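Worksheet: one structure, shown below.
Small disclaimer: the values here were computed from a predicted structure and weren't measured.
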Amino acid sequence: MLRRWGLLAALAPIGVASLLYVVIVRGFVDSAGDHQLGWPLLGVLPTLVFGMWLLTVSSAPSAVFIAVAATSMAVGSACETLVLTNVGLIQEPWFPLFNMIGLTADAVSTAAFLAMFATYPTGTLERRWQRIAVVLIWVPVAVGPLTVLTTPHVVMQPYIGISGDAVPNPFAVPWLEWAAPAMHYLIYQPWPSVVLGLAVLYSRAIFGAVEVRARMRVMTWVVTVSLVSFILWTVTPPLWITSVIVFASLIAMPLAAIHGIFRYGAFDIAPGDRGRLVARSSGLLITVLYGIAVATPGVLLADNMTIVGAVLLTTLLAVCLLPLRAWLQRWIQRTVFGDRDRQLMLLSELGSRLEQSVEPGDLLTRLAVAVRTGLDASWVRIFLAGPDGSFAASPAGVAGDARGAAVASCDLERADETLGRIEVGPRRRGDYSDAERSLLRTVASQAAASVANVRLSARLAEQLIDLTASRERLVAAQDDERKRLERDLHDGIQQNVVAQIAGLRLARNRLQRGQLTADELAALQDQARETLTDLRELAHGIHPPVLSDNGLVAAIESSVGKFPIPLTVDADDHLRAERFPEDVETTAYYVVREALANTAKHANASLASVQLVQDDGHLRIAISDDGCGMGGPAPVSSGGLANIRDRVAALRGSVNVMDNDPSGTRVVVELPVQRGVDRVG
């Protein structure tokens, strides 16, 4: 932190002062002829602004390289301007020392740019030879002091266009003059350093790891175009199109670096910091780019135009480029934060849409459409979770052509319950930003409450329907039971009573005639006993006496001998001694009897069992068999299971029907028993 702010405090004043000097001298003091403002304004200024901004947000070596290179470019340009506007200075005895500053600045600029290109985007290298090559890139930085010590004449900057061969160098050391040719070909000429830097750059861009190649792709293309344009600018006659390409490639370097920051986190700028940093500095960057774009034609064509024409051209461009500036502002904001306006509109409309929706399917469809519009997603699908937390196989709400794997998802959670999940497909343009993923979580949290309310309403409506159906089934069951009792009384007991009345009448007549025997009276007594037995069996079928006298487990075990297949009853001694409320025991006995009746009739089982457990205020009854199983979902609207559900639901219990392991059916019933417990003894 201190290092980068220290570098900023040292480099920014030097770079800004040098650049201001160049612009003032070339543009205002010595404006006659070719002012050559294109290089300082279109070449140095964008890089200097970007390099100084980069120092405020990153301490990566690549960021330092850009800042150093831009500052050195400004210093070198200032030295060149000073010499060109004051040619007589080269005759001054101190000029070789001043010239050393210009030579060093040019060498530092070249080396820093090459180091930045070679180590882009993080400033670190993967291989040892690459690190050695980058160190050797900096060797030409010593060109200034070495030429002053070894060369008997002044060595001028190569782009000034003035030869220093005739200017003596009083600071040269005579016994070091033998090294002057070596300094010239090995250090003064930058080509060996350029070759080393480009070798590292292209080796990483072509043969590096996949991630390294992806991060360097854009910058490598920009460097290649810039290199070709500089070669053309040097070896071909002056053309305005060549100058435009050179300056465009220089402006493209900061843009390529910004692209690396947004896309790959270049210069060690963390993804979480990009939005904050862009919000802080996007205005400055856009203003600089806008000013450069407005000034470029006037600067490049000023030598061929009048002042009035240049002013009119610049003014026209300033007006025409205003929409482009606004678009650039929106593009940067959208790139970093996503489409915030559309997202805010999504949040504002989401509430009203959810308030209007009362049906779960309609609400989820509206929610999917709103999320798709707000995130610019190709498709959105919403799954609901079941009571066990698992998601449904098919989505309950869909927007767009939902196919393939989801790119992002967020659960709909309410308290500790997971209600569903929102899945979004690929974004129609680009990738989802962190802000858009955060928006998805916000939308999910808002929608979860509405989804929970609608699900609760739907559940209550479903329970109301079930309750109504249960009442109808209970009424029908009571009517069937009444008819069964009437049929049993009419066809059984009533016939026996009629036969007994007829027998008694016959016995009275025979008694009057003195013909009645004791055997006839004994037969009448047997008939009366059979009628009493039938009445007891009829009553036992509704509520056996053993259930009232000895409890639930004893009542179930009393029917073991009458069950057509082997039946086992599993209950601990504590439960055998436990007495439950009468309605609980009656319902539990009914459930066991009905479930075992179904097993005997339909299961084709060879073994059945009843297990009773009391736990956490509930009586848990499991009736299992090894038969053929249900062969599908259990019927819920009719039949014995529906009757069991109705009876259990009346006591706020639950019924689950599942497959038994390894075969058969398992019916598990839970009844609350907290309303009172009596113990025997």
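- Here the shortest heavy-atom pairing between Gly144 and Leu103 reads CA-CB, 4.2 Å.
- Of all the heavy atoms in Leu19 and Ala74, the pair that sits closest is N-CB, 4.3 Å.
- The minimum heavy-atom distance linking Met216 with Ala205 is given by the pair SD-N, 4.2 Å.
- Listed by first then second residue, pairs satisfying side chain to side chain donor-acceptor pair (under 3.5 Å) with a partner in residues 205-218 read Glu211-Arg215, not counting sequence neighbours.
- In this structure, Phe95 and Phe98 have tilted ring planes: the angle between them lies in the 30° to 60° band.
- Residues forming a side-chain hydrogen bond (donor to acceptor under 3.5 Å, both in side chains) with Thr124 (at least two apart in sequence, or on another chain): Thr122.
- Applying the side chain to side chain contact (heavy atoms under 4.5 Å, CB included) test between Ser193 and each of Val141, Leu136, Ile137 identifies Ile137 as the sole match.
- The CZ atom of Phe113 sits 8.5 Å away from the OG atom of Ser226 when rounded to the nearest 0.5 Å.
- In this structure, the side chains of Arg204 and Leu125 come closer than 4.5 Å at one or more pairs of heavy atoms.
- Looking at every heavy atom in both residues, Ala105 comes nearest to Gly76 through CB-N, 3.7 Å.
- Contacts of Tyr202 classified as side-chain hydrogen bond (donor to acceptor under 3.5 Å, both in side chains), with partners at least two apart in sequence or in another chain: Thr224.
- Summarising the geometry, atom OG1 belonging to Thr365 is positioned 15.0 Å from atom CZ belonging to Arg381; distances are rounded to the nearest 0.5 Å.
- Using the six-membered ring where Trp is involved, Phe267 and Phe50 have ring planes that are perpendicular, over 60° apart on the 30 and 60° scheme.
- Judged as a ring pair (Phe, Tyr, Trp, His ring centres under 6.0 Å), and not counting sequence neighbours, the contacts of Phe230 are Trp233.
- Looking at residues two or more places apart in sequence or on another chain, you find a side chain to side chain contact (heavy atoms under 4.5 Å, CB included) between Ala406 and Trp379, Glu423.
- Formation of a donor-acceptor pair under 3.5 Å by the Thr110 side chain with backbone atoms of Asp106 is found in this model.
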Apply side-chain contact (heavy atoms from CB on, under 4.5 Å) to the pair Thr56 and Met52, showing each step before the final yes or no.
CA-CA 7 Å; Thr56 66; Met52 295 304 111; over 6 Å; no
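- For the residue pair Val200 and Ser203, the shortest heavy atom distance occurs at O-OG, 2.8 Å.
- Among residue pairs with one or both ends in residues 396-410, those qualifying as side chain to side chain donor-acceptor pair (under 3.5 Å) are Asp401-Arg403; sequence neighbours excluded.
- When each of Leu82, Val44, Thr71, Val75 is tested with Ser18 by the rule side chain to side chain contact (heavy atoms under 4.5 Å, CB included), just one qualifies, namely Val75.
- Rounding to the nearest 0.5 angstrom, the gap separating the OG1 atom in Thr81 from the CG atom in Asn86 is 10.5 Å.
- For the atom pair Leu440 CG and Cys410 SG, the distance stands at 5.0 Å (nearest 0.5 Å).
- With a 4.5 Å cut-off on side-chain heavy atoms, Leu196 and Leu114 do not count as touching.
- Using a 4.5 Å cut-off on side-chain heavy atoms (C-beta onward), Ser72 and Val68 make contact.
- Closest approach of Pro46 and Pro254 over heavy atoms only: O-CG, 4.2 Å.
- From Leu201, atom CG reaches atom CD of Gln130 across 10.5 Å, with rounding to the nearest 0.5 Å.
- Atom-to-atom distance recorded for Ile382:CD1 and Leu419:CG is 12.0 Å, nearest 0.5 angstrom.
- Using a 4.5 Å cut-off on side-chain heavy atoms (C-beta onward), Leu55 and Ile66 make no contact.
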